[in-house]
Number of protein chains: 2
Amino acid sequence: MKKSLLGQRMKAFRERCKDLGLSLTYQRLSIYKALLQVPGHPSPDAIYQVVRKTYPSISLATVYKTLDRFEKSGLVSKVNPLHETARYDPKVEHHHHLVCTECKHVEDLDPQELTRPLPLDPRSLGLPEGRCRDFDVADYTITFKGVCQACRRRLARAPRTGAGAA
Amino acid sequence: MKKSLLGQRMKAFRERCKDLGLSLTYQRLSIYKALLQVPGHPSPDAIYQVVRKTYPSISLATVYKTLDRFEKSGLVSKVNPLHETARYDPKVEHHHHLVCTECKHVEDLDPQELTRPLPLDPRSLGLPEGRCRDFDVADYTITFKGVCQACRRRLARAPRTGAGAA
DNA sequence: TTACCTGCAAAGTATTTGCGCGTTC
DNA sequence: GAACGCGCAAATACTTTGCAGGTAA
């Protein structure tokens, strides 16, 4: 990442934090900077290892807490999973998933069910040439995120209370 | 799941195991059956809880080992993640991912980069009516799985040895 | 000054592993 | 009978939490 762009992003980050009422600490600044600089979507530990070089006293717990704070504030996104633990599916053929963001329930969706069929071959999906050259793409899956019927009903009865909801 | 279909699937499973040289134990049979019966893509623990009702002496470790074995044999698929630990991304806008199945490296792909643009609204993607009614879909992400350039090179130099590769 | 944030250490949860006994083939 | 698979318990990995002292605003 170019130095000027990095500076620009860091500046935007500072402002965003201010708006959100988040204190600007060197830990937060360096964690965010590491996230911008480390390619490939680092894990909390990977970020910790990077930040530690500059601030040896930082703790892994702080990195976890901070990333969680950032995510809840919409400053970063968690690549992962809608569900953190392993989940298995007896279906091994190419298919997509509907995941409930509330209860983590997962439903399968057969590609044939799509009324606007998509090509099976990921290359035909419009991946730019350059990316295909770098990345030998073998397969793709669409993950639809939403709220299932049961959860919608439950939420309607007992909606999220307080002003906490971002 | 209808009883007849279940029986049919179990039969196919037995045959598949035989072909693969996997011993047929009641643990494996009941774990696979639970996977077919429990909706929503159960976790190892959820499967354990189900199987335990019938075979109280089964251990959770066996469930883990068995599911792993099944996955490596192509009998089941892991819904999750290409990477088990948390991974963060500074980008919060709607975007897709390219994930290297070897090193777990993740790259972002902007929807605009697709030469064949897809609608932003997941409903326009051809989700069948019925599913939309049940599931209030808010968003979708495409995950392209493949092997990155660095890993391709590495594999070319030191290809997977032995007959283990399925 | 005061509320917010950090580091530490301990706890919690998820998953893996080594090993001796039991079962399948 | 030999190879394979199982249950147990301990180990490991990842993540969260409570609290006392430190820091930003």
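Each chain gets a letter, A, B and so on, in the order the sequences are listed, and its residues count up from 1. Just so it is clear, the structure is predicted and the values come from calculations on it, not from any experiment.
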Lys/Arg N to Asp/Glu carboxylate O, B/D136 vs B/R123, below 4.0 Å: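 Here B/D136 pairs with B/R123 in a salt bridge, since their nearest N and O are under 4.0 Å apart.
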Ion pair A/E107/B/R131, N-O distance below 4.0 Å: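 Salt bridge between A/E107 and B/R131, a charged N being under 4.0 Å from a carboxylate O: yes.
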Aromatic plane relationship, A/Y26 with A/Y55 - under 30° parallel, 30 to 60° tilted, over 60° perpendicular: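 Plane angle between 30° and 60°, so tilted.
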Shortest side-chain distance from A/R69, nucleotide among D/dC8, D/dC6, C/dC5: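 For A/R69, the side-chain atoms sit closest to C/dC5.
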Side chain of A/S23 - closest among C/dT15, D/dA24, D/dG7: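 Of the options given, the side chain of A/S23 lies nearest D/dA24.
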Residues from residues 26-58 of chain B lying under 4.0 Å of DNA chain C - heavy atoms: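 Nothing qualifies; none.
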Within this structure, what is the [atom1]-to-[atom2] distance between [X] and [N], rounded to whole angstrom?
| X | N | atom1 | atom2 | value |
| --- | --- | --- | --- | --- |
| A/L67 | C/dC5 | CG | C1' | 15 Å |
| B/R87 | D/dA13 | CZ | C1' | 15 Å |
| A/R14 | D/dA24 | CZ | C1' | 12 Å |
| A/L22 | C/dA3 | CG | P | 17 Å |

Check: A/R152 side chain, B/D134 main-chain N or O, donor-acceptor pair, under 3.5 Å: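 Yes, the answer is positive, given that a donor and an acceptor are paired below the 3.5 Å cut-off.
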Donor on one side chain, acceptor on other, A/T141 and B/K145, under 3.5 Å: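 B/K145 and A/T141 do have a side-chain donor-acceptor pair below 3.5 Å.
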Exercise: do B/H95 and B/D108 side chains pair donor with acceptor under 3.5 Å: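 There is such a pair (donor and acceptor under 3.5 Å, judged by atom type) between the side chains of B/H95 and B/D108.
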Nearest-0.5 Å distance, CD1 of residue A/I47 to NZ of residue A/K33: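 Between A/I47 CD1 and A/K33 NZ, I get 14.0 Å after rounding to 0.5 Å.
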Sequence-aligned protein contact record of nucleotides 16-22 of chain C, with B where the base is within under 4.0 Å of a protein heavy atom and S where only the sugar-phosphate is: BBB----
Distance below 4.0 Å between B/T25 side-chain N/O and D/dC6 OP1 or OP2: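 Answer yes for this pair, as a side-chain N or O of B/T25 is under 4.0 Å from OP1 or OP2.
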Set of residues satisfying side chain to side chain donor-acceptor pair (under 3.5 Å) with respect to B/S43, sequence neighbours excluded: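 Scan of B/S43 (side chain to side chain donor-acceptor pair (under 3.5 Å), adjacent residues dropped) gives none.
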